[in-house]
Amino acid sequence: MVSVPERRFPRAARLLRPAEFARVYARKRSAAAGPIVVYAAPGPDRDGRPRLGLSVSRRIGGAVVRNRWKRVLREAFRAARGELPAATDFIVVVRSGLAPAGAAPARALRESLVSLARRIVSRPGYAADAAGDGTVSR
RNA sequence: GGAGUGGAUUGGGCGACCGCCGGCCACGCAUGCGUGGCGGGAGGAAAGUCCGGGCUCCACAGGGCUCGAUGGUGGGUAACUCCCACCGGCCGCGAGGCCAGGGACAGUGCCACAGAGAACAGACCGCCGGCGAGGCUCGUCCUCGCAGGUAAGGGUGAAACGGUGAGGUAAGAGCUCACCAGCAGGCCGGGUGACCGGUCUGGCUCGGCAAACCCCAUCGGGAGCAAGGCCAAGCAGGAGGAAAUCCGGUCGUUCGCGGCCGGAGCGGGGCGGCCCGUCCCGUUCGACCUCCGGGUAGGUCGCUGGAGGCGGCGGGCAACCGUCGUCCUAGAGAAAUGGUCGUCGCCCGCCGCUCGGCGGGCACAGAACCCGGCUUACAGAUCCGCUCCGAGC
RNA sequence: GCGGGUGUAGCUCAAUGGUAGAGCAAUAGCCUUCCAAGCUAAAGACGAGGGUUCGAUUCCCUUCACCCGCU
């Protein structure tokens with residue numbers, strides 16, 4: 001049995017190192033909706049799949065609440081990978097002031113994740129800043 | 001049956017699909033990777049970090065002062081501010097619960113307000129007799145004043161220098177006596193001991209606070225897995241600062257001196273702080289201190305088999321210990337346990353109001369080197385021991 | 001992981017173990033034609049739970065929240 005590649009979520013599809021986070025933040029392209037903020041930047045590999053980095057601060061809650069947010073966001077990202085722009089790195093930040101007590105449901109997060117990602121990428125100037133990097137797959 | 005008390009266990013079950021972390025095996029690719037298979041993957045508190053250890057490193061850790069911790073006795077333990085048993089005190093009808101529970105004749109200090117008096121106390125009212133003055137109903141009378149006596153009574157307070165009775169007295173008072181309470185000491189008996197029981201003597205009586213300073217006894221080297229080891233990659237140094245040199249041996253010598261070793265002095269650093277002591281380094285271009293600047297943000301080991309869990313037997317009142325058998329049970333690194341469903345269980349709301357249907361919820365909370373405790377949070381469920389009350393047999 | 005600090009009135013801060021106080025703010029009144037300023041009055045707090053003590057904001061323990069530092 002061969003699994004569908006888009007359903008998988010291997011470690012290579014994650015942003016893990018400080019340098020990777022810094023590169024996405026340096027691009028300064030973000031959009032927000034409700035409790036989450038999404039940063040986006042073209043990935044280093046122009047044929048690559050979208051990658052995800054997470055930032056959940058201690059102000060969000062205890063370890064259980066923070067881990068819950070990360071797991072639900074990873075699951076939402078995994079389900080949305082086919083609909084997201086390719087070769088793009090994303091960082092999802094959970095905002096402390098607007099976050100409800102627990103994590104939001106995965107389905108709703110998937111919807112807003114896709115719409116925020118498309119909003120950033122379709123903005124004028126994103127492709128120009130990319131400077132010949134991977135183009136938007138739309 | 002009701003009320004209560006002490007303890008133990010558990011922390012939703014089963015199934016399907018898709019993911020995630022790491023292990024083993026196989027294959028491909030070439031050492032990073034991918035695919036498939038098999039089995040594993042959060043807790044009783046993983047939490048707070050309040051104690052105690054193991055482990056690792058540090059220039060072995062000594063003495064004095066200081067600092068900090070602990071504080072009934074005996075035991076358990078690797079150790080403890082933990083646990084068990086016992087003693088004492090307080091609370092509860094009781095089962096039980098709580099207690100930092102050594103020393104207040106080693107010293108210092110504090111005890112507000114109230115009250116006359118608050119620590120080897122104190123005469124405000126009262127009581128008592130004496131002296132003086134006044135009054136009249138002339139008395140064993142009343143009123144006022146003065147100097148005294150008196151701690152039995154009133155009142156204050158958290159606390160007022162024993163309680164009851166008798167004697168005694170002007171009135172009183174441990175002033176005296178008996179009993180009781182309490183204190184100190186001796187002796188006898190029991191207990192490993194804290195302590196308990198008995199008896200005799202004493203002066204007749206002594207406040208509380210040491211979670212106030214303190215005294216006594218005991219204990220405490222420091223840091224922490226971001227410890228620490230290895231590999232890879234990378235970089236650039238600069239400025240300032242205190243100080244004091246001398247002696248001996250030996251070798252070389254161009255006879256100026258230089259190298260090495262040892263010692264003294266001086267300077268710096270480590271041993272929680274200070275002093276001694278000790279160790280290391282330096283003593284003229286180098287160590288140390290301060291400031292500025294530069295580089296790294298990777299891998300791997302440590303990393304999970306342990307004071308380990310379960311069961312039997314033996315010892316012990318118990319905590320716990322010994323022995324035998326059996327089991328292997330997470331190891332991440334921006335950090336793995338998630339998502340979508342079905343079904344059953346429990347709870348709540350609505351319709352129904354017998355069956356049933358619909359919707360929602362199922363606690364506290366997430367391993368990060370590992371253990372032993374403590375404390376705190378927690379929807380519920382189950383079991384055991386005991387006490388009190390009521391009813392029945 | 002290690003270490004330290006702070007919680008007192010709406011805000012900023014005081015206070016030997018004995019009635020918790022100051023400034024600003026807010027309320028009411030006086031003054032003014034009105035406002036401001038000024039004057040007067042009253043209200044308002046020791047983060048929580050235990051313990052020691054006659055008595056605790058203070059001393060001790062536990063706990064909660066926040067802040068800071070080192071690695």
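The sequence lines fix the lettering, A, B, ..., with proteins before strands; numbering per chain opens at 1. These numbers were taken from a predicted model, which means no experiment stands behind them.
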For [X] and [N], give me the distance from atom [atom1] to atom [atom2], rounded to whole Å.
X: A:Arg66; N: B:rA368; atom1: CZ; atom2: P; answer: 13 Å
X: A:Arg8; N: B:rG19; atom1: CZ; atom2: C1'; answer: 8 Å
X: A:Leu15; N: B:rG333; atom1: CG; atom2: P; answer: 16 Å
X: A:Glu111; N: B:rG339; atom1: CD; atom2: C1'; answer: 15 Å
X: A:Phe9; N: B:rU337; atom1: CZ; atom2: P; answer: 11 Å
X: A:Arg110; N: B:rC18; atom1: CZ; atom2: C1'; answer: 13 Å
X: A:Arg49; N: B:rG19; atom1: CZ; atom2: P; answer: 13 Å
X: A:Asn67; N: B:rA365; atom1: CG; atom2: P; answer: 14 Å

> Does any donor-acceptor pair link the side chain of A:Arg81 with the base of B:rG19 at a separation under 3.5 Å?
Replying inline: no
Using the [atom1] atom as the reference point in each nucleotide, state the distance between [N] and [M] in Å, no decimals.
N: B:rG197; M: B:rC87; atom1: C1'; answer: 15 Å
N: B:rA391; M: B:rA319; atom1: P; answer: 41 Å
N: B:rG101; M: B:rC195; atom1: C1'; answer: 14 Å
N: B:rG372; M: B:rU77; atom1: C1'; answer: 9 Å
N: B:rG107; M: B:rC216; atom1: P; answer: 14 Å
N: B:rC374; M: B:rA45; atom1: P; answer: 9 Å
N: B:rU35; M: B:rC29; atom1: C1'; answer: 11 Å
N: B:rG11; M: B:rA377; atom1: C1'; answer: 14 Å

Enter syn or anti for the glycosidic conformation of [N], syn applying to angles within 90° of 0.
N: B:rG342; answer: anti
N: B:rU56; answer: anti
N: B:rG44; answer: syn
N: B:rG53; answer: anti
N: B:rA42; answer: syn

Could you identify the nucleotide paired to [N], looking across every strand shown and requiring Watson-Crick or G-U wobble geometry with both distances under 3.5 Å?
N: C:rC70; answer: C:rG1
N: C:rA41; answer: C:rU27
N: B:rG52; answer: B:rC371
N: B:rC27; answer: B:rG34
N: B:rG193; answer: none
N: B:rC183; answer: B:rG202
N: B:rG359; answer: B:rC348
N: B:rU278; answer: B:rG270

Using a cut-off of less than 4.0 Å, is there contact between a side-chain N or O of [X] and OP1 or OP2 of [N]?
X: A:Arg11; N: B:rA336; answer: no
X: A:Arg71; N: B:rA334; answer: no
X: A:Arg74; N: B:rA336; answer: yes

> So which one's nearest nucleotide on RNA chain B is more toward 5', A:Leu54 or A:Pro18?
Replying inline: A:Pro18
>> Pick the closest RNA chain B nucleotide for A:Glu75 and for A:Gly62 by heavy atoms, then say which residue is nearer the 5' end.
In response: A:Glu75
To the nearest 0.5 Å, what is the distance between [atom1] ([X]) and [atom2] ([Y])?
X: A:Ser55; Y: A:Arg66; atom1: OG; atom2: CZ; value: 11.0 Å
X: A:Asn67; Y: A:Ile60; atom1: CG; atom2: CD1; value: 13.0 Å
X: A:Arg27; Y: A:Thr88; atom1: CZ; atom2: OG1; value: 10.5 Å
X: A:Arg11; Y: A:Arg51; atom1: CZ; atom2: CZ; value: 13.0 Å

>> Heavy atoms from C-beta onward define the side chain here; which of B:rG366, B:rA334, B:rG19 lies closest to that of A:Arg14?
In response: B:rA334
>> Checking contacts here: which listed nucleotide (B:rG19, B:rG339, B:rU340) is nearest the side-chain heavy atoms of A:Arg107?
In response: B:rU340
> So among A:Val92, A:Leu54, A:Leu84, which one has a side chain to side chain contact (heavy atoms under 4.5 Å, CB included) with A:Phe77?
Replying inline: A:Leu84
> So among A:Ile91, A:Asp89, A:Leu15, which one has a side chain to side chain contact (heavy atoms under 4.5 Å, CB included) with A:Glu20?
Replying inline: A:Leu15
> Run the salt bridge (charged side-chain N to carboxylate O under 4.0 Å, His left out) check on A:Arg110 and A:Glu75 step by step: do they pass?
Replying inline: CA-CA 8 Å; A:Arg110 176 184 168 178; A:Glu75 181 61 25; over 6 Å; no
>> Go through it in stages, so that I can follow the logic: the residues are A:Tyr39 and A:Phe90, the test is ring pair (Phe, Tyr, Trp, His ring centres under 6.0 Å), and I'd like the CA-CA distance, side-chain angles, deciding distance and then a yes or no.
In response: CA-CA 5 Å; A:Tyr39 286 80; A:Phe90 297 95; over 10 Å; no
